[in-house]
There are 2 protein chains.
Amino acid sequence: MATTKLLERELKRGSAELLILALVEERARHGYEIAQLIDSRSDGGIRYHVASLYPTLYRLEDRGLIEGRWVEQAGVRRRRYYKLTKEGRKVLKSQRNVWESFFAALDRVARVRHA
Amino acid sequence: MATTKLLERELKRGSAELLILALVEERARHGYEIAQLIDSRSDGGIRYHVASLYPTLYRLEDRGLIEGRWVEQAGVRRRRYYKLTKEGRKVLKSQRNVWESFFAALDRVARVRHA
DNA sequence: CCGCCACATATCGTCTGACGACATATGGCG
DNA sequence: CGCCATATGTCGTCAGACGATATGTGGCGG
């Protein structure tokens, strides 16, 4: 259904930052790895296109929430590893709170929990 | 924090349809009433501006998910009451499922529950 | 050794929808 | 009579997802 596809697109809006921040919280990761992790951990439930992923990484770095570092290794194309900054940690915590209260509010209005 | 404000804006994307469909599921409601219900039931956690609400109502009606009817009453400005259509009921059910699995996936990737 | 695929990063143009600002109209209250 | 709550409506701006497209590398099969 087209409706569902459109909705899924909208859901990604805003969630991208949370996903990226949460994934680089564990350890430094590069873009491609992040994309794959989102795909695998969500069981394909959330797919995040590279055309959106890289620009989002740059925005997060510009805002000082993550910090990138080029890593050159023999046998592997150069990768840019991003790690969470101190400020990023604060924002991640705040975003988790925002999402959680949003879920709760959405449940109160539209009764979403327990399908 | 500007970040939070931006995030909140993005969260509304896509959720608007679910909220409206869920509210007119109970009984026919008019736009202004819907806006107030979203505000009150979410305890102000979700605010939905009229500039977005009315266009969304028109989109939903165009797609045949809700059906509007003008109601004139003495002592009250004319109101347009929207009720859920059969097709709207199907879409609402589907959207609840999409949201629920999105929540679950987001939790698996970014551990959002229990802030 | 060459083509193809997975890996890895990058950019452009299009489209959608939220929102601030503004507009219009009516009933009630002081 | 002015102001506020009610109620519907529109315009211009802005952000961000995504399809398409591009570049470059390492490994593997034929």
Side-chain angles (χ1 to χ4, degrees), chain A residues 2-20 23 28-40 42 46-63 66 68-82 95 102, chain B residues 2-20 23 28-40 46-63 66 68-82 95 98 102:
Chain A
T3 299
T4 302
K5 202 182 170 188
L6 279 175
L7 173 56
E8 279 165 2
R9 179 185 296 202
E10 301 305 334
L11 286 176
K12 281 165 199 165
R13 234 172 239 268
S15 67
E17 294 191 0
L18 171 71
L19 291 169
I20 293 171
L23 287 173
R29 299 186 192 277
H30 58 94
Y32 198 81
E33 190 189 359
I34 291 170
Q36 285 180 307
L37 275 171
I38 291 177
D39 200 63
S40 64
S42 74
I46 304 174
R47 228 166 274 158
Y48 208 67
H49 289 249
V50 286
S52 317
L53 179 70
Y54 288 103
T56 305
L57 285 171
Y58 309 148
R59 281 198 304 273
L60 291 175
E61 190 168 20
D62 281 345
R63 284 160 53 201
I66 59 176
R69 190 171 60 91
W70 282 110
V71 175
E72 311 264 0
Q73 252 180 291
V76 193
R77 181 156 157 36
R78 64 173 194 159
R79 295 164 170 167
R80 192 161 172 84
Y81 280 85
Y82 293 94
Q95 293 218 357
F102 175 72
Chain B
T3 298
T4 302
K5 202 184 169 186
L6 278 174
L7 173 57
E8 279 166 3
R9 180 186 296 202
E10 300 306 332
L11 286 175
K12 281 166 198 164
R13 232 173 239 269
S15 68
E17 292 191 1
L18 170 71
L19 291 169
I20 293 171
L23 287 173
R29 298 187 193 277
H30 57 95
Y32 197 81
E33 189 188 359
I34 291 170
Q36 286 180 306
L37 274 171
I38 291 177
D39 199 64
S40 64
I46 304 172
R47 227 166 276 155
Y48 209 67
H49 288 248
V50 286
S52 317
L53 179 70
Y54 288 104
T56 304
L57 285 171
Y58 308 148
R59 281 197 303 273
L60 290 175
E61 188 167 22
D62 280 347
R63 283 158 55 202
I66 59 176
R69 190 172 60 93
W70 282 111
V71 176
E72 312 262 0
Q73 250 179 294
V76 194
R77 178 155 158 38
R78 63 173 197 163
R79 296 163 168 166
R80 191 161 173 85
Y81 280 86
Y82 293 95
Q95 292 219 358
V98 171
F102 174 72

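Chain letters run A, B, ... following the sequence lines, proteins first and then strands; every chain starts at 1.
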Which residue lies more 5' along DNA chain D, comparing Ser15(A) with Arg77(A) via nearest heavy atoms:
Ser15(A)

Note: for Trp70(B) and Gln36(B) on DNA chain D, the residue whose nearest nucleotide lies more 5' is Gln36(B)

Interatomic spacing from CD1 in Ile20(B) to OH in Tyr48(B) - rounded to 0.5 Å
6.0 Å

CZ (Arg80(B)) and CD1 (Ile66(B)) are apart, to the nearest 0.5 Å, by 8.5 Å

Rounded to the nearest angstrom, tell me the gap between atom [atom1] in [X] and atom [atom2] in [N].
X: Ile46(A); N: dA17(D); atom1: CD1; atom2: P; value: 12 Å
X: Glu72(A); N: dA8(C); atom1: CD; atom2: P; value: 13 Å
X: Leu53(A); N: dA17(D); atom1: CG; atom2: P; value: 10 Å
X: Gln73(A); N: dT25(D); atom1: CD; atom2: P; value: 16 Å
X: Arg78(B); N: dG9(D); atom1: CZ; atom2: C1'; value: 10 Å
X: Leu57(A); N: dA8(C); atom1: CG; atom2: P; value: 14 Å
X: His30(B); N: dT26(C); atom1: NE2; atom2: C1'; value: 14 Å
X: Leu18(B); N: dA18(C); atom1: CG; atom2: P; value: 13 Å

N/O (side chain, [X]) to phosphate O (OP1/OP2, [N]) under 4.0 Å:
X: Thr56(B); N: dA18(C); result: yes
X: Ser52(A); N: dC18(D); result: yes
X: Arg59(A); N: dG16(D); result: yes
X: Arg79(A); N: dA10(C); result: no
X: Tyr32(B); N: dT8(D); result: no
X: Tyr54(B); N: dG9(D); result: no

When you match Ala51(B) and Ala51(A) each to their closest nucleotide on DNA chain C, which lands nearer the 5' end?
Ala51(A)

Looking only at heavy atoms, which two atoms of Thr56(A) and Ser52(A) are closest? And how far apart?
OG1-O, 2.6 Å

Give me the atom names and distance for the closest heavy-atom approach of Leu23(B) to Arg29(B).
O-NE, 2.8 Å

Leu37(B) and Leu19(B), any side-chain heavy atoms less than 4.5 Å apart:
no

Just call it for Tyr58(A): base, sugar-phosphate, or nothing, with non-hydrogen atoms closer than 4.0 Å on any strand.
sugar-phosphate

